[in-house]
Number of protein chains: 4
Amino acid sequence: MWREQQAVEPDGDPDGAEAQAPARPGRPRDARAHQAIIDATLELLSADGYSKLTIESIANRAGVGKTTIYRRWPSKGPLVSEVISGLIHLGPMVDTGDTRKDLAIFLKAVLTAMSQPLVGGTIPGLANDMGSDPALAEPFRQFIIAPKRQRVNAILDRAVSRGEIDEDVDRELVMDLLVGPILWRALLTGAPLNTDVTQSIVDHVVRSIGLRPVPQNGEVPAPAGRSQR
Amino acid sequence: MWREQQAVEPDGDPDGAEAQAPARPGRPRDARAHQAIIDATLELLSADGYSKLTIESIANRAGVGKTTIYRRWPSKGPLVSEVISGLIHLGPMVDTGDTRKDLAIFLKAVLTAMSQPLVGGTIPGLANDMGSDPALAEPFRQFIIAPKRQRVNAILDRAVSRGEIDEDVDRELVMDLLVGPILWRALLTGAPLNTDVTQSIVDHVVRSIGLRPVPQNGEVPAPAGRSQR
Amino acid sequence: MWREQQAVEPDGDPDGAEAQAPARPGRPRDARAHQAIIDATLELLSADGYSKLTIESIANRAGVGKTTIYRRWPSKGPLVSEVISGLIHLGPMVDTGDTRKDLAIFLKAVLTAMSQPLVGGTIPGLANDMGSDPALAEPFRQFIIAPKRQRVNAILDRAVSRGEIDEDVDRELVMDLLVGPILWRALLTGAPLNTDVTQSIVDHVVRSIGLRPVPQNGEVPAPAGRSQR
Amino acid sequence: MWREQQAVEPDGDPDGAEAQAPARPGRPRDARAHQAIIDATLELLSADGYSKLTIESIANRAGVGKTTIYRRWPSKGPLVSEVISGLIHLGPMVDTGDTRKDLAIFLKAVLTAMSQPLVGGTIPGLANDMGSDPALAEPFRQFIIAPKRQRVNAILDRAVSRGEIDEDVDRELVMDLLVGPILWRALLTGAPLNTDVTQSIVDHVVRSIGLRPVPQNGEVPAPAGRSQR
DNA sequence: AGCTAAACGAGACGGTACGTCGCGTCTTCAA
DNA sequence: TTGAAGACGCGACGTACCGTCTCGTTTAGCT
């Protein structure tokens, strides 16, 4: 994940088997310390929030030296990024065969993840730190954003293959239209966030991309959403 | 705006005329110091960004004591909130008679405002601080969000009165669908943001709410969702 | 005492009678404010000590503006100096006819004055401020030291006139020998201070200056230093 | 001296030899920083005086963080107390065989020490702070007062053993009579302080305790207080 | 079994900023 | 002009964390 030196697998793998001991000299890193840091981070994060989280307090809580933390993560941003990425499980990538239903399930999962105070309350902090430390952006996108993109792409691919939407639908934009409002509400407006909202969003988005019922019997469907621009 | 005690209008206003001098005891606050603080905040904000912004540096730059700042704002959050709210001019509330065009103009203005590094780079910082200081949320919404809501409402109201959309369109959701993707891209994904994108968003949203062409000559319009444009 | 401008009597006194109103323009100084300041100073001085005393707290306690204090005293030093000088009453200048007894009474009075926490706890603060502000030295000597010198001089003068000591006794030094140990103990050593101590000091000093019994009947007195006590 | 935790000797000393390294965990305190602080304090103390001395300025001058100072001393009082205690060298404890001469040498040394602006100008500040912080009194007495007491005791012990004074002479009081007037003059009266004065004080004190010439040849000395000088 | 070398806890280090306090001055309105 | 009120620029306070740096100790793999 973010290990700085260690754990960076030396490419050659003579055994061909499972990654053997990397055989570095010196005392190996202590897995218990690692876990203690992550646990402490979680506890403090949920207790006081991202901006009040300090490396010092994590070290104290974990019973660990500050260097032990800095040896693994360059700052609290990547540490937290890794920690909360472990919390965001969008669940299994379901396939109901119904595009609208798939999208609704997906968006509900996103909502659930963002609704965890731990997650929702931490995202803006990370986004903020991305300003001063662009290096933080990459892992963030990798852990937080990529899974969502992947899911939406899969759903839309299936819809295309079923002939429900045109091929040229802008997948990126669809993801933005789905997830953006969730973020906007969670971070800024404070407007309510519940399953009804995600359903409404999905309904609107589905209509906006001209989702057609699954063509059956080779019947040509009405040219819904034809010739827009 | 955020003055803590001063400028709190005494309720009764017997004359009904302009708010007379409240005549608070003691030396009144210095308007030049106030302005100097705001100017310095702006300069430093654009130079170093929100997270590196410091009350101390603002005071230095403004040639002002720290207490003079603390007397007016409880922390840098509300100060910055007020300062950047002055930057977000969505422009005059235009009415082209064309709903799609109105929305496009609106969203482009939002994009322009968010694209200012000063603004876009500051929003997540504020959102972050809102976690530890919920009191910050209110002015934020007042200055940042309310104007947008107001515009969207106006545009949709006109559309309804022209019979282009149904009355029961969820105005709040429309705003979310329009603005959310902008925020999502600006803060997190790093995806490109330009006029094409805003146009695409508007197109999708417009279709999602079943915008009809203006009914003319008493002609009954085609059913919603059909052959728009 | 320390009034800065006011109270400096304009020399000419046209009426020749009692000092009429000086007839200065503007509102006259408020005697109640003056007293309130002094009272507040006393209270705070005894509560928190000299070094924690602040002009600000005095003004608050007295219900008075800071300027009202600064108009009368240039800093807390002279103010306190004046205030505690009012506390040091060495009592009436007694004359028992017995030099030893007179000195003992005097020194006991000094001890009593210095033992007031208000006084003893304040002296070093004033002495300290005299370092940075030599102007403070003068009123200090005037109010605190001069009365003591005066008493010792009077006692020794009577002793000389009675022929108990030689004329060339160093009055200044005698005062130092009497008062110095009191100060030394009170401020620095923390050694006990009580009437026994003052009596011991007096005994020693009296012997050191060769006090003779009052020569009576033209009888030649016994050699100095004989059989005191 | 005043180290807060460090250097606190672990009680048991099994070897009886030199205090072994206590082997406290963590990085040991930096002796050079320690010295730099003391040097800076001295320089600033002599330049600006005690009351204008600032922890902040010491840290700057010493090239040291403020915490590094606070880690060692709780406030400027104890720091200065330790620093100036290093300056008060009463010189070697001489023994001329002549009590009067020994006392004169001692008192002259005291005068010399107190006359250093660094010392004399600092004492009242410390005495003042002892009011608000009684904990300051202890090191003060240890460093400033104890050495004097020790000297006077030694001188008087020798005088007793030579039969020059009675055994029951109040040593504490003698010290007070000697040193008190010096302090009194230095701090408060502003009266001159020179060798003549110390000699006069010694003369008076010596007479006040009935110092007899050294008894020689088993001859019984004349009664106390007789014909000295 | 000894050697080398990294990781570990502890905590000191030079810094920066915090938010507060008090200074002595000033500016307002009301007596 | 005085007085209460309170804002002002300033400087220092003592604290919290930063990220780095020693310490002595522990824990491995490699001679």
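Residue numbers start from 1 in every chain, and the chains themselves are labelled A, B, ... in the order their sequence lines are given, proteins ahead of strands.
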Undergrad: Nearest nucleotide by nearest heavy atom, which residue falls closer to the 5' end of DNA chain F, B:Gly63 or A:Lys76?
TA: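 The residue mapped nearer the 5' terminus is B:Gly63.
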Undergrad: Starting at CG of C:Asn60 and ending at P of E:dC21, how long is that distance when rounded to a whole Å?
TA: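 Nearest whole value for this atom pair: 12 Å.
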Undergrad: Closest-nucleotide mapping onto DNA chain E: is D:Ala31 or C:Thr54 further toward the 5' terminus? I mean the 5' end.
TA: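 Going by which nucleotide is closer to the 5' end, it is D:Ala31.
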Undergrad: In whole angstrom, give the distance that lies between atom OH of A:Tyr70 and atom C1' of E:dG9.
TA: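 Rounding to the nearest Å, OH of A:Tyr70 and C1' of E:dG9 are 16 Å apart.
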Undergrad: If each of A:Glu56 and C:Val64 is mapped to the nucleotide of DNA chain F with the nearest heavy atom, which maps nearer the 5' terminus, i.e. the 5' end?
TA: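 This one resolves to C:Val64.
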Undergrad: How long is the line joining CD1 of B:Ile69 and C1' of F:dG9, in whole Å?
TA: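 Value for this atom pair: 12 Å.
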Undergrad: Would you indicate, yes or no, if F:dA7 has its OP1 or OP2 atom less than 4.0 angstrom from a side-chain nitrogen or oxygen of B:Arg71?
TA: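 Yes, within the criterion.
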Undergrad: Expressed as a whole number of angstroms, how long is the span from B:His34:NE2 to E:dT27:P?
TA: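 Roughly 20 Å, once rounded to whole Å.
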Undergrad: If you check the A:Thr67 side chain, which of E:dC8, F:dC17, E:dA10 turns out closest?
TA: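 Among E:dC8, F:dC17, E:dA10, the one nearest the side chain of A:Thr67 is E:dA10.
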Undergrad: Tell me: CZ of D:Arg27 to P of F:dC23, nearest whole Å?
TA: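 Atom CZ in D:Arg27 sits about 7 Å away from atom P in F:dC23.
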Undergrad: Taking atom types as modelled, is there a side-chain donor on D:Asp39 or D:Gln35 under 3.5 Å from an acceptor on the other?
TA: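 Yes.
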Undergrad: What about D:Lys66, does its side chain sit under 3.5 Å from the base of E:dG14 through a donor-acceptor pair?
TA: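 No, the side chain and the base share no sub-3.5 Å donor-acceptor pair.
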Undergrad: Side-chain N or O of C:Arg32 versus OP1/OP2 of F:dT2: is the shortest distance under 4.0 Å?
TA: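 No, because none of the side-chain N or O atoms of C:Arg32 sits under 4.0 Å from OP1 or OP2 of F:dT2.
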Undergrad: Counting side-chain heavy atoms from C-beta on, which of E:dC13, F:dC8, F:dG3 comes nearest to D:Ala33?
TA: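 Side chain of D:Ala33 sits closest to E:dC13.
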Undergrad: Any idea which of F:dG3, E:dG22, F:dA7 is nearest the B:Arg29 side chain?
TA: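 It is F:dA7.
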Undergrad: If every non-hydrogen atom of B:Glu82 is compared with every non-hydrogen atom of B:His34, which pair is closest and at what distance?
TA: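 The answer is OE2-NE2, 4.1 Å.
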Undergrad: Would you kindly compare D:Pro25 and C:Ser57 by the position of their nearest DNA chain E nucleotide and give the one closer to the 5′ end?
TA: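 In this pair, the answer is D:Pro25.
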Undergrad: Could you go through C:Asp129 and C:Tyr50, starting from their C-alpha distance and side-chain angles, then the distance that decides it, and tell me whether this counts as side-chain hydrogen bond (donor to acceptor under 3.5 Å, both in side chains)?
TA: CA-CA 11 Å; C:Asp129 285 1; C:Tyr50 179 81; 2.4 Å; yes
Undergrad: Using atom CZ of C:Arg72 as one end and atom C1' of F:dT1 as the other, report the distance to the nearest whole Å.
TA: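 Atom-to-atom, C:Arg72 to F:dT1, this comes out as 12 Å.
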Undergrad: Between atom OG1 of C:Thr41 and atom CD1 of C:Ile58, what is the distance when rounded to the nearest 0.5 Å?
TA: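 C:Thr41 atom OG1 to C:Ile58 atom CD1 measures 3.5 Å (nearest 0.5 Å).
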Undergrad: In whole angstroms, how far is the P atom of F:dA7 from the CZ atom of B:Arg24?
TA: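 Answer to the nearest Å: 8 Å.
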Undergrad: Testing the basics here: between D:Ala40 and D:Arg61, what is the closest heavy-atom pair and its distance to 0.1 Å?
TA: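 Closest pair (atom of D:Ala40, atom of D:Arg61, distance): CB-CG, 3.3 Å.
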Undergrad: E:dC23 C1' sits how many Å from C:Leu53 CG, rounded?
TA: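 Spelled out: CG on C:Leu53 to C1' on E:dC23 is 13 Å.
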Undergrad: It should be established whether B:Thr68 places a side-chain nitrogen or oxygen under 4.0 Å from OP1 or OP2 of nucleotide F:dG9.
TA: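 True: B:Thr68 side-chain N/O within range (under 4.0 Å) of F:dG9 OP1/OP2.
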